[in-house]
Amino acid sequence: MFRNFDWKYIFIALLLLAGYVYSVIYHKEILIGIKYFFNLPFLNLSAGAVAAIFTMLHKIKTRKITLNYKMSFNEFRGTTADIISFIESPITIVCSLALAKGLFLQYTEGILFFPKFNQVEFYFIGLVTFYLSLTSIMELLNNIKETCFSKQVSPISLIAVAEKDVKEKQIPPPQQ
């Protein structure tokens, strides 16, 4: 009878229930911790730097960015666009942190970050902030996982192996 239960989701449900009970009991302490988190001196800079570093490393490792001395202009242009696009993830994370900080401090501390917005607009900003935070954090965690934990050959070593193979497989000059 117990084989029909999906224990993984039962465990997750119990964990979420425990988190809810914990948040009800320690509501004030949690708000102080969140306020402390948002007031960290280099929060945006650190989050943006971590996202930029891991996004760039992920693009290099998954061969989305490859540089070769025999590239055509169109290949170089595509690679340049990929190099420049690595700032998308850090910008999204920094923007979502700024919006979340503004919403949190305005709601809990009464500090006016958005003075001309009404309640409905706050809900929409909250939804956008939740979406941006969720997608950027999931993308960053995926980049970190694929960069640090998957076995894949880097393109730099592939170029070295390819050049070695080309030198070894050169056709000898014709005999006269």
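Keep in mind that this is a model prediction, so the values were computed, not measured.
- Look at Glu109 and Lys35 and you find a salt bridge, because one of the NZ, NE, NH1 or NH2 atoms lies within 4.0 Å of a carboxylate O, short of that distance.
- Counted within 6.0 Å of CZ on Phe114, heavy atoms from surrounding residues, nucleotides or ligands total more than 12; the atom is thus considered enclosed.
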Could you walk me through whether Leu57 and Asn143 pass side-chain contact (heavy atoms from CB on, under 4.5 Å), step by step?
-> CA-CA 8 Å; Leu57 288 175; Asn143 288 347; over 6 Å; no
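- The closest side-chain heavy-atom distance from Leu99 to Phe113 is not below 4.5 Å.
- Thr55 places a side-chain heavy atom less than 4.5 Å from the side chain of Lys59.
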Would Leu43 and Lys101 satisfy side-chain contact (heavy atoms from CB on, under 4.5 Å), going step by step from the backbone distance to the final call?
-> CA-CA 11 Å; Leu43 176 66; Lys101 178 181 180 177; over 6 Å; no
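- Of the inter-residue distances, the one linking Thr108 atom OG1 with Ile32 atom CD1 reads 10.5 Å to the nearest 0.5 angstrom.
- Ring geometry, Phe104 versus Phe38: the interplanar angle falls from 30° to 60°, so the pair is classed tilted.
- Note on Leu103 and Leu134: separate hydrophobic clusters, where clusters join Ile, Leu, Val, Met, Phe, Trp and Tyr whose side-chain heavy atoms are under 4.5 Å apart, directly or indirectly.
- Tyr123 and Leu127 end up in different hydrophobic clusters when Ile, Leu, Val, Met, Phe, Trp and Tyr side chains are linked at under 4.5 Å.
- Under the 4.5 Å side-chain criterion, counting only non-hydrogen atoms from C-beta, Phe54 is not in contact with His58.
- The backbone N or O of Ile93 sits less than 3.5 Å from a side-chain atom of Ser96, completing a donor-acceptor pair.
- Taking CZ of Phe11 as the start and CG of Leu16 as the end, the distance is 10.0 Å to the nearest 0.5 Å.
- Contact of the Tyr9 side chain with the Asp6 side chain is registered, since non-hydrogen atoms from C-beta on lie closer than 4.5 Å.
- Side-chain atoms of Ser133 do not come within 3.5 Å of backbone N or O of Phe130 as any donor-acceptor pair.
- Side-chain contact between Val94 and Leu45: absent, with no pair of heavy atoms (C-beta onward) separated by less than 4.5 Å.
- A distance of 11.5 Å separates CD1 of Ile125 from CG of Leu132, quoted to the nearest 0.5 Å.
- Hydrophobic clustering, with ILVMFWY side chains joined whenever heavy atoms are under 4.5 angstrom apart, keeps Leu15 apart from Ile25.
- Taking CD1 from Ile144 and CD1 from Ile137, the interatomic distance works out to 10.5 Å, rounded to the nearest 0.5 Å.
- We find the CZ-CD1 distance between Phe37 and Ile30 to be 14.5 Å, quoted to the nearest 0.5 Å.
- Contact check for Phe117 versus Gln106: no side-chain heavy atoms found under the 4.5 Å cut-off.
- For the pair Asn142 (side chain) and Met138 (backbone), a donor-acceptor distance under 3.5 Å is absent.
- How far OG1 of Thr135 is from CG of Leu140: 11.0 Å, rounded to the nearest 0.5 Å.
- Side-chain contact between Phe124 and Val120 is present, with heavy atoms from C-beta onward closer than 4.5 Å.
- For the pair Ser23 (side chain) and Tyr20 (backbone), a donor-acceptor distance under 3.5 Å is present.
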